[in-house]
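Throughout, protein chains are lettered first and strands after them, A, B, ... in sequence-line order, and every chain is numbered starting at 1.
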Amino acid sequence: MTNISKSLVEWYSRYKRDLPWRETKNPYHIWVSEIILQQTRVNQGFNYYYRFIDKFPDIKSLAFSNIDDLLKIWQGLGYYSRARNMHFTAQDIINNYDGEFPSDYSELIKLKGIGDYTASAIASISFNQATPVLDGNVFRVIARIYGISESTQRNAGKKHFKKILQEIIPDENPGTFNQAIMEFGALQCTPKNPDCENCILKSVCFAYTNNMVAELPLKKQKITQRIRYFNYIYIIYKDFTFIEKRTNNDIWKLLYQLPLIETENKVSIENLEKTQEWNQLFEGLEPEIDINFYKKKHILSHQILVTHVYKVRINTMNDFLLNNYLKIYMSTLPKYGIPKLLENYLKVANK
DNA sequence: ATCCCGTCCG
DNA sequence: CGGACGGGAT
């Protein structure tokens, strides 16, 4: 065990946070926690983890669950493909692995939704394999300590980081080492303003000794955001409203939403009423539009959604609504998994 | 504004 | 290999 590994593990035993998934080696629990924690901060993932395990305590309950129920649990967490892939993989494990989680990295990585990071995490934590994890935290820690200015965007860069990690990961308790270096990145070696003066590794850290902490790791180039215009319509018909399921390969796939008219540009309600979609929606009806409407810019990593939600009351229905949307009691809306944007809206609208 | 940097898909 | 995929925290 190298000095650096030893320092990290000792630091970890002293400063680690108590987290529910750290009390187990059960691969199912580790899997659930690792998937939730991808792209998600620990604090945010906490309650999702509890709800998930409560609702789906084992692989079997997940495999036989309804995807709608799973997405309801996942609502607001984002990256919904994670939930869809988990559902698929749970069934895959029941059908093709006798319901037993594979115990080897090479098998784990074949599963849908499990890539290099998650396969390494499960293999090391649950099955004691010395497979180093490389996530954003580890990337930062290694880049700074060893002074690596390569990007992990490219395979060559990733290999370099992996090679270093493979050399310092101990054979004994590799899972603890993996968690230690990630926790160190999350708490000590933070992206901004890390507390280097009080760091146990400052004497061996390349970035610190060369005054390059701000420059390492290499910054990711930012992506351009596409602007989209979403006009949602909250239709009220007696005690009912109308929703639809998003099935295209687009954001929020398999989540539910209010009737949507997406436009090329920002449109006023007057111009929205002139669109073909609007006229189809309300053909033969006399929609009463609430003069108050909801307006919000919803920012995603890769899209900016300029959103309006209009509340519209109708007294009769037409075939188009009945054929293309789900007519549901408004009171049952909370049962459906919907995008955060609409969740936020409904909180205001139903007040 | 910048961080999440994981995985899949085309 | 490059782009798509959410939403919150800081």
[X] [atom1] - [N] [atom2] separation (whole Å):
{"X": "A/Q44", "N": "C/dT10", "atom1": "CD", "atom2": "P", "answer": "11 Å"}
{"X": "A/L305", "N": "C/dC5", "atom1": "CG", "atom2": "P", "answer": "10 Å"}
{"X": "A/F139", "N": "B/dC4", "atom1": "CZ", "atom2": "C1'", "answer": "13 Å"}
{"X": "A/L218", "N": "B/dC5", "atom1": "CG", "atom2": "P", "answer": "17 Å"}
{"X": "A/Q38", "N": "B/dG6", "atom1": "CD", "atom2": "C1'", "answer": "5 Å"}
{"X": "A/K219", "N": "B/dC4", "atom1": "NZ", "atom2": "C1'", "answer": "13 Å"}
{"X": "A/N344", "N": "C/dG6", "atom1": "CG", "atom2": "P", "answer": "16 Å"}
{"X": "A/L255", "N": "C/dC5", "atom1": "CG", "atom2": "P", "answer": "14 Å"}

When you compare the side chain of [Y] with that of [X], does any pair of heavy atoms fall below 4.5 Å?
{"X": "A/K245", "Y": "A/L254", "value": "yes"}
{"X": "A/Y237", "Y": "A/K327", "value": "yes"}
{"X": "A/Y310", "Y": "A/I269", "value": "yes"}
{"X": "A/E150", "Y": "A/H160", "value": "yes"}

Any salt bridge linking A/E183 with A/R22? Criterion: basic side-chain nitrogen under 4.0 Å from a carboxylate oxygen. yes

Using a strict 4.0 Å threshold on nitrogen-to-oxygen distance, state whether A/E10 and A/K6 make a salt bridge.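 Salt bridge: no.
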
Does OP1 or OP2 of [N] have a side-chain N or O of [X] closer than 4.0 Å?
{"X": "A/Q303", "N": "C/dC5", "result": "yes"}
{"X": "A/H302", "N": "C/dA4", "result": "no"}
{"X": "A/K112", "N": "B/dC9", "result": "yes"}

Which whole number of Å gives the distance between the P atom of C/dC5 and that of B/dA1?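 After rounding to an integer number of Å, I get 22 Å for this pair.
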
Taking only the C1' atom of each, what is the distance from B/dT2 to C/dG6 in whole angstrom? 16 Å

Contacting residues from residues 70-95 of chain A, given that a heavy atom lies under 4.0 angstrom of DNA chain C: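 Contacting residues: A/G76, A/G78, A/Y79, A/Y80.
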
Base C/dG6 to side chain A/Q39, donor-acceptor N/O within 3.5 Å cut-off: no

On a plain distance test, is the side chain of A/T118 in donor-acceptor contact with the base of B/dG6 below 3.5 Å?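 Checked by distance alone, the answer is no.
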
For a quick check of understanding: with a heavy-atom distance under 4.0 Å over all strands, which category does [X] fall into, base, sugar-phosphate or nothing?
{"X": "A/K253", "result": "nothing"}
{"X": "A/D250", "result": "sugar-phosphate"}
{"X": "A/L111", "result": "sugar-phosphate"}
{"X": "A/I299", "result": "base"}

Could you please name the option among [options] that lies closest to any side-chain atom of [X]?
{"X": "A/D135", "options": "B/dT7, C/dC5, B/dC5", "value": "B/dC5"}
{"X": "A/R41", "options": "C/dG8, C/dG7, C/dC5", "value": "C/dG8"}
{"X": "A/K340", "options": "B/dT7, C/dG8, B/dC8", "value": "C/dG8"}

Nearest heavy-atom pair of A/V213 and A/C196: which atoms, and what distance?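 Heavy atoms of A/V213 and A/C196 come nearest at CG2-SG, 4.0 Å.
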
What closest approach, in Å, do A/V309 and A/F293 show between heavy atoms, and which atom pair accounts for it? O-CB, 3.4 Å

How do A/A156 and A/H298 order along DNA chain C: which one's closest nucleotide is nearer the 5' end? A/A156

Quick one: do A/R228 and A/D250 satisfy salt bridge (Lys or Arg N to Asp or Glu O under 4.0 Å)? Show the steps, please. CA-CA 12 Å; A/R228 301 172 74 175; A/D250 193 1; 2.9 Å; yes

5'-most by nearest nucleotide on DNA chain B - A/L134 or A/P191: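 Going by which nucleotide is closer to the 5' end, it is A/P191.
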
Does any N or O in the side chain of A/N178 come within less than 3.5 Å of the main-chain N or O of A/V133, such that one atom is a donor and the other an acceptor? yes

For the residue pair A/F52 and A/Y28, does the interplanar ring angle fall in the parallel (under 30°), tilted (30 to 60°) or perpendicular (over 60°) class? tilted

Mind checking which stems touch DNA chain B? I mean at least 3 consecutive Watson-Crick or G-U pairs, both distances under 3.5 Å. B:1-4 with C:7-10, B:6-10 with C:1-5

